[in-house]
Amino acid sequence: MTQNNETTFRPEARSPRGFIDKRSGQIAIERRLIETVSKVYEDFGFEALQTPAFEYADALGKFLPDSDRPNVGVFAQQDDDDQWMALRYDLTAPLARFVAQNWETLPKPFRRYAFGPVWRNEKPGPGRLREFMQCDADIIGSDRPEADAEMIALAVAGYKALDVPARIRINNRKLLNGLLVSLGVTDSGQQLGVLRAIDKMDRFGPEGVALLLGAGRKDESGDYTKGAQLPDAAIQPVLDFVLAGGADTRSGVLEKLAAVLANSAEGQAGLEDLARINAAVSAMGVSEDEAIFDPGIVRGLEYYTGPVFEAEFLRELRDDKGNLVQMGSVGGGGRYDDLVARFTGQQTPATGFSFGVSRLAAALSLIDAGKRSGARGPIVIIAFSDSDMGEYFGFAAELRAAGLPAEVYLGRSGMKAQMKYADRRFSPAAVMIGEDELKSGTVTIKDLDLGRDLAMQISDNKAWREGRPGQVTLPRAEAVKHLKSIVES
RNA sequence: GCCGCCUUAGCUCACUUGGUAGAGCGCCAGAUUGUGGCUCUGGAGGUAGCCGGUUCGAAACCUGCAGGCGGUACCA
């Protein structure tokens, strides 16, 4: 065998970029997020729906099956009948497909929530993966602004239930459209450019955005971004509008914007939506701190048609090196009245909100980085001798029957390594049933948590070992009860 | 996609004009015949990202590729 070393293929053990392994701590956080948010969704009357990971590519939207590069943006492959199918990139497109397919039989308006992984084939970065988790709620078939208001109240309730400090920023596409029309910007390409420029306010500030609205901007890497080519006279009004949010109340912002949009019908309609959203949201008990109007929020271009929402994480985050982490939004949504029409030809009003579960989990684990997460190991039963394995398994079964997670050590190492193993699993206790215990009908139980605490006060190894911190030997009949008290403490 | 920087042990990083590699942490074992922490001792672990070139000789210099990081574009 040693001869073949040169010819034996050894793959490098690595995961594809943008895909990560999650261990118990991370999984526990995500699970808690999903369960909590799902409960809130159900409280608001949303029913659960699961759709498959794959959809036919044409159902997903702009990525057409006959496109030259079917894998741009999505992960696509050809089925054995040559049809292109692709992994879903969000939960909304599959919902639109489902609704179009089952419209006749659905209760309308249709409210559903869904959670699961989605995949995007694009450049990964910090806080930006190619496989991540979303948890969405949507209402299909209601054009009332109150439906949007409910999505906002839902988001607020969700973050509250999670105990995550967050604030929802709300805008309306109609406002921006109205402003642009009143400024004489009617070319759709130019409008798009303006929206993109506005979207970068938090990164580049007013000066950078002004450049992008006008001729263009050159960044530190030397890359040049062409601007929206707005005339100078139009740039300032756009900036003023975008910055009108400020630290005002919701109705205060609306008043401010009313003056600017006085001569735009679409703008007025947008303000009316927001006024009704404000009334409904206030009735549901959403405070001025929890949800604010911010004319600078843009989000998915060519997708949202009315109100849009974005959830910002309100706490400063630092990585393990102490650097400030740019979190981006931890959730968002809005109204998308054109999505179902792609399938049916019928305009179908729709609005929704999506929790960015993976991002939230990442944020929370940064906060909790110092302390150990909740993933405890099982009670570990030390394996002394091959001939007594039956005793160990018998006791493990007893513990499991009492509702205590337990396992028998299955390696072949000695006692010391076994204790180390239990420590590393973050186990609450180790159980010893050796010759002595068997002879006397007892069980020795070591409280590992107590030992962890005591270890800080003991510097002498002899004292540490002989003191046997947290360790007791008691009759077997009392063992389960004692272990239960350790686990529950 | 575009621009820049980077790639040496599991991790974080050294090796001051090219002479074929080290530390800390971690891991394993012993001191401690049945006991996790601390301390001490010992050990394992590297084709220096990959391919090619320059050279008597390359981890170091040069091409290319791949991967990572940062910025930028796109982002349903």
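It should be emphasised that the depicted structure is a prediction, and the values quoted were computed from it without experimental measurement. Proteins get letters first, then strands, A, B, ... in listed order; numbering begins at 1 in each. Worth knowing before you read on, the calculation uses all heavy atoms, side chains too, and leaves out hydrogens, waters and symmetry mates.
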Does RNA chain B take part in any stems of at least 3 consecutive Watson-Crick or G-U pairs (both distances under 3.5 Å), and if so, which ones?
B:1-7 with B:66-72, B:10-13 with B:22-25, B:27-31 with B:39-43
If the condition is ring-ring contact (aromatic ring centres under 6.0 Å, His included), which residues does A:Y392 pass it with, not counting sequence neighbours?
none
Check nucleotides 24-29 of chain B against the protein and report each pair of N or O atoms closer than 3.5 Å, with its distance, or say if there are none.
{"residue": "B:rC27", "atom": "OP1", "partner": "A:R424", "partner atom": "NH2", "Å": "3.1"}

Taking salt bridge (Lys or Arg N to Asp or Glu O under 4.0 Å) as the cut-off, I'd like each qualifying pair that reaches into residues 381-399 of chain A, sequence neighbours left out, listed once.
A:E391-A:R476, A:E398-A:R476
Nearest whole angstrom, please: distance from the C1' of B:rG36 to the OH of A:Y409.
13 Å
Per the side chain to side chain donor-acceptor pair (under 3.5 Å) rule, what does the pair list look like for residues 478-489 of chain A, sequence neighbours excluded?
none
Which nucleotide in the list B:rG67, B:rA76, B:rA73 gets nearest to the side chain of A:Y89?
B:rA76
Taking side chain to side chain contact (heavy atoms under 4.5 Å, CB included) as the definition, give me every residue that meets it alongside A:A147, ordered by chain and number, with sequence neighbours left out.
A:I139, A:S142, A:R335, A:T351
Please check if the distance between the ring centroids of A:Y113 and A:F46 is under 6.0 Å.
no
Centre-to-centre under 6.0 Å for A:F115 and A:F355, is that the case here?
no
So does A:P117 get a backbone contact from the side chain of A:R88, meaning a donor-acceptor N/O pair under 3.5 Å?
yes
Say you pick atom C1' in B:rC3 and the same atom in B:rA9; how far apart are they, in whole Å?
33 Å
